[in-house]
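Every chain is numbered from 1 and lettered A, B, ... according to where its sequence line falls, protein lines coming before strand lines.
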2 protein chains.
Amino acid sequence: MYVTLIRMSTVRGARERARIEVTAAIKDEARRRLADEGAAKLSLRAVARELGMVSSALYRYFPSRDELLTALIIDAYDSLGAAAEAAGAAALAAGSPPRARWTAVCEAFRAWALAHPHEYALIYGSPVPGYSAPQDTVVPASRVANVLIGIVRSAHEGRGLALPPLPATLRAEAGRMTAEFAEGLPPEVTAALVAAWAQLAGLVSFELFGQFNNVVEERDAFFAHAADQLAHAVGLPALGRP
Amino acid sequence: MYVTLIRMSTVRGARERARIEVTAAIKDEARRRLADEGAAKLSLRAVARELGMVSSALYRYFPSRDELLTALIIDAYDSLGAAAEAAGAAALAAGSPPRARWTAVCEAFRAWALAHPHEYALIYGSPVPGYSAPQDTVVPASRVANVLIGIVRSAHEGRGLALPPLPATLRAEAGRMTAEFAEGLPPEVTAALVAAWAQLAGLVSFELFGQFNNVVEERDAFFAHAADQLAHAVGLPALGRP
DNA sequence: CTCTTTCGAGAGCACTGCTCTTGCTTTGGT
DNA sequence: ACCAAAGCAAGAGCAGTGCTCTCGAAAGAG
């Protein structure tokens, strides 16, 4: 059994090695074309042409165009999640207080989105196919959220966060959400956290999708302030008062 | 000149009448197919087929598929804007205080989105074509924002809204935004309002695009609370204290 | 009644996702 | 070392797409 696991993760032969390489090459080329012209115009034939193979050969690696897009979505979630985790870890290593760590992660989120607009659109824009959310995407999708949860949790463990009580209609739901993925947090904080997560994406989406054109000019300063207000909304204490 | 204006708005002859009717029929059928299968799968040929005409004839009415989509986008903005305006006017007529009017408009926004998911995705999701935002869309696009601005402005004129001061980096920008489309509001409120507008869309988008699947179950209660918190963030006083 | 504009129909081009069949190469068991 | 099995690339082909062009008929203007 142990040996089997080892052999599963190692490269068995030239054939499997080639398959891995070709799969990666397809995804790379697809990502390049995605960055150039967006998901709508991503065509399997063009990817195959660019790779010097015929389009039908590509179906040995991805059973359909949607499956290729799903693979790109998972990679995008992982890339964005890694960026958020790195920003959180760096801020933690620098000894920043929770609120500064929160805004650092928000800034990293936005920076990644600005650097990979089409990949961001792929994951946080409108779902391109018949909006199928395969189970493979839920784990990578939760990485960003988990970073934010971790920051708020450490702040709560440190000095205790308090927010106004929830309306009666939301108390059970907030308790359930807390038990499910934010154990230890006050239910009010969990509810605020989930909302802040969506609101963060709303801010970035509006900037990226042109909704802020002719409205917001100083994007950096505007986002920094909005992210700080988001931190306030989840109960993180303001900086300056230790 | 007066006669000319009259004749511009009236129907000149059978030919123009037919053109208007056919144009409307094309948009209706396109909207129907959009609601069924989404913008990605909307095909001119299918629309023409359903209307009993040949695809090339459709190009007499819309020069390209993207132009048809743009027309649908404008209509969607107008429909959503009308829904928001109606909700705001109804709450005003009922004598509701600003904070209740704010949440009423937010609820109307969400209700419209849930009722027209693909049209919502068209305007607030990722831009489908080469992300062209024609100038024709900016006026209808601002209707929702104007309703929210109006509510906050009336609240400010009533008793004066106050929010913590802005960071220095944002003061000039907030002043510019205020002068441009929110005359009379404190700059801090204008900045919070623009952020809240994007955050509102973020909340709705997350629900609609499946990001809340397996996370938020009680969507109605969750959104109601989040919208209320948004009202708090722009400085609207809480209910219960007149 | 003419002449011009407008419109629908059809053919056609270049492209797409996807399937199926045909051979070639690598692999794993005997 | 051999040989069947599996994996693979290539090509042809199907149904569909956006869009262009030409042609004949209908409607409006003079």
When the C1' atoms of the five terminal pairs at each end define the local axes, what inter-axis angle does the helix from dC1(C)-dG30(D) to dT30(C)-dA1(D) show, to 10 degrees? 10°

When we call it a touch if two heavy atoms are under 4.0 Å apart, what does Tyr61(A) touch: a base, just sugar-phosphate, or nothing? sugar-phosphate

Under 4.0 Å, counting only non-hydrogen atoms across every strand here, what does Leu42(B) touch: a base, just sugar-phosphate, or nothing? sugar-phosphate

With the threshold set at 4.0 Å, does a side-chain nitrogen-carboxylate oxygen contact exist between Glu50(A) and Arg33(A)? yes

Is the ring centre of Phe209(A) less than 6.0 Å from the ring centre of Tyr124(B)? no

Without hydrogens or angle criteria, can the side chains of Ser126(B) and Tyr120(A) be said to hold a donor-acceptor pair below 3.5 Å? no

N-O pairing of Arg19(B) and Glu16(B) below 4.0 Å: no

Between Ser43(B) (side chain) and Ala46(B) (backbone), is there a donor-acceptor pair under 3.5 Å? yes

Hey, is the main chain of Asp75(A) close enough, under 3.5 Å, to the side chain of Ser79(A) for a donor-acceptor pair? no

Given side-chain hydrogen bond (donor to acceptor under 3.5 Å, both in side chains), test Ser64(B) with Tyr59(B) step by step and report yes or no. CA-CA 7 Å; Ser64(B) 76; Tyr59(B) 284 83; over 6 Å; no

From dC7(C), dC18(C), dA9(C), nucleotide with atom closest to Ser64(A) side chain: dC18(C)

What's the verdict on side chain to side chain contact (heavy atoms under 4.5 Å, CB included) for Glu85(B) and Asn146(B), showing C-alpha distance, side-chain angles and the deciding distance? CA-CA 9 Å; Glu85(B) 285 165 9; Asn146(B) 283 333; over 6 Å; no

Salt-bridge present (Glu183(A), Arg153(A); N to O < 4.0 Å): no

Considering only heavy atoms, which members of residues 22-35 of chain B lie under 4.0 Å from some atom of DNA chain D? none

Taking only Lys NZ, Arg NE, NH1 and NH2, and the carboxylate oxygens of Asp or Glu, determine whether Asp36(A) and Lys41(A) approach each other closer than 4.0 Å. no

Distance-only donor-acceptor test, Arg45(B) side-chain atoms vs dG18(D) base atoms, 3.5 Å: yes

From the set dT16(C), dC18(C), dA10(D), return the single nucleotide nearest to any side-chain atom of Val54(A). dA10(D)

Looking at dC8(D), dT17(D), dC19(D), which one has an atom nearest to any side-chain atom of Ser43(B)? dT17(D)

Distances under 3.5 Å between nitrogen or oxygen atoms of protein and nucleotides 20-25 of chain C:
none

When you get a sec, tell me which of dA10(D), dC7(C), dC19(D) is the closest nucleotide to the side chain of Tyr59(B)? dC19(D)

